[in-house]
Amino acid sequence: QERLVESGGGLAQAGGSLRLSCAASGSTFKIDVMGWYRQAPGKQREMVASASSGGSTNYADSVKGRFTISRDNAKNTVYLQMNSLKPEDTAVYYCHCRNSIYIDYWGQGTQVTVSS
């Protein structure tokens, strides 16, 4: 029963930074995992970063050292700090969560565009 709303997308130059946020609401169940996926035109959706409620994180190899995921469990909010952006980071970024009864939810997506 989660509702996910992303914000923070936009246009950045190569080497610049953006910060995405996603707030979850509407469920009586705890959120287990929250994360970010992205999808470029003509490509499959791929996992970018995820964070468990216990604090562990996971990153795609392509963003390690550049992106940082963080959570505020009290607010059911997840963030993605994106530094050293590259044109190949251009995609629609989707927030994702999995609740304590193992149901997945997705946000509407926010566009990130990186110019060279």
Spell out, as yes or no, whether a donor-acceptor pair under 3.5 Å connects the side chain of [X] to the backbone of [Y].
{"X": "Arg71", "Y": "Ala51", "answer": "yes"}
{"X": "Thr77", "Y": "Lys75", "answer": "yes"}
{"X": "Arg66", "Y": "Ser84", "answer": "yes"}

Q) Taking only residues two or more places apart in sequence, or in another chain, which ones meet Arg45 in a salt bridge (Lys or Arg N to Asp or Glu O under 4.0 Å)? A)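 Partners of Arg45 under the salt bridge (Lys or Arg N to Asp or Glu O under 4.0 Å) test: none.
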Q: Tell me, please, which residues at least two apart from Lys43 pass salt bridge (Lys or Arg N to Asp or Glu O under 4.0 Å).
A: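 Residues passing salt bridge (Lys or Arg N to Asp or Glu O under 4.0 Å) with Lys43: none at all.
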Q. If two hydrophobic side chains count as joined below 4.5 Å and joins carry through other members, does Leu85 share a cluster with Leu80?
A.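 In one cluster with Leu85: Leu80, yes.
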Q. Are Ile69 and Tyr37 grouped together when hydrophobic residues (ILVMFWY) are joined by side-chain heavy atoms under 4.5 angstrom apart?
A.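 In one cluster: no.
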Quick one about [Y] and [X] (side-chain donor to acceptor, distance below 3.5 Å, no hydrogens or angles considered), yes or no?
{"X": "Glu6", "Y": "Gln108", "value": "yes"}
{"X": "Ser21", "Y": "Ser7", "value": "yes"}
{"X": "Ser100", "Y": "Asp32", "value": "no"}

If you measure from [atom1] on [X] to [atom2] on [Y], what distance do you get to the nearest 0.5 Å?
{"X": "Cys97", "Y": "Arg3", "atom1": "SG", "atom2": "CZ", "result": "12.5 Å"}
{"X": "Met34", "Y": "Asn73", "atom1": "CE", "atom2": "CG", "result": "8.5 Å"}
{"X": "Trp36", "Y": "Cys22", "atom1": "CH2", "atom2": "SG", "result": "5.0 Å"}
{"X": "Thr68", "Y": "Met82", "atom1": "OG1", "atom2": "CE", "result": "11.0 Å"}

Q. For Asn58, what residues pass the side chain to side chain contact (heavy atoms under 4.5 Å, CB included) criterion, not counting sequence neighbours?
A. Met47, Ser50
Q. Under the salt bridge (Lys or Arg N to Asp or Glu O under 4.0 Å) rule, what pairs show up with a residue in residues 12-27, not counting sequence neighbours?
A.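 Those involving residues 12-27 do not exist here.
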Q) Pairs in or reaching into residues 97-114: which pass salt bridge (Lys or Arg N to Asp or Glu O under 4.0 Å), with residues at least two apart or in two chains? A)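 Listed once each, the pairs are Arg98-Asp104.
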Q) Does atom CD of Gln44 have more than 12 heavy-atom neighbours, drawn from other residues, nucleotides or ligands, at distances under 6.0 Å? A) no
Q: Flag yes if more than 12 heavy atoms outside Gln13 fall under 6.0 Å of its CD atom; otherwise flag no.
A: no
Q: Taking all non-hydrogen atoms of both residues into account, name the closest pair between Leu18 and Gly10 and its distance.
A: CD1-O, 3.9 Å
**Q.** Trp106 and Tyr94 aromatic ring geometry - parallel, tilted or perpendicular at 30°/60° bounds
**A.**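 Because their plane-to-plane angle is over 60°, the rings of Tyr94 and Trp106 count as perpendicular.
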Q | Qualifying ring-ring contact (aromatic ring centres under 6.0 Å, His included) pairs, either residue in residues 54-81, two or more places apart | A | none
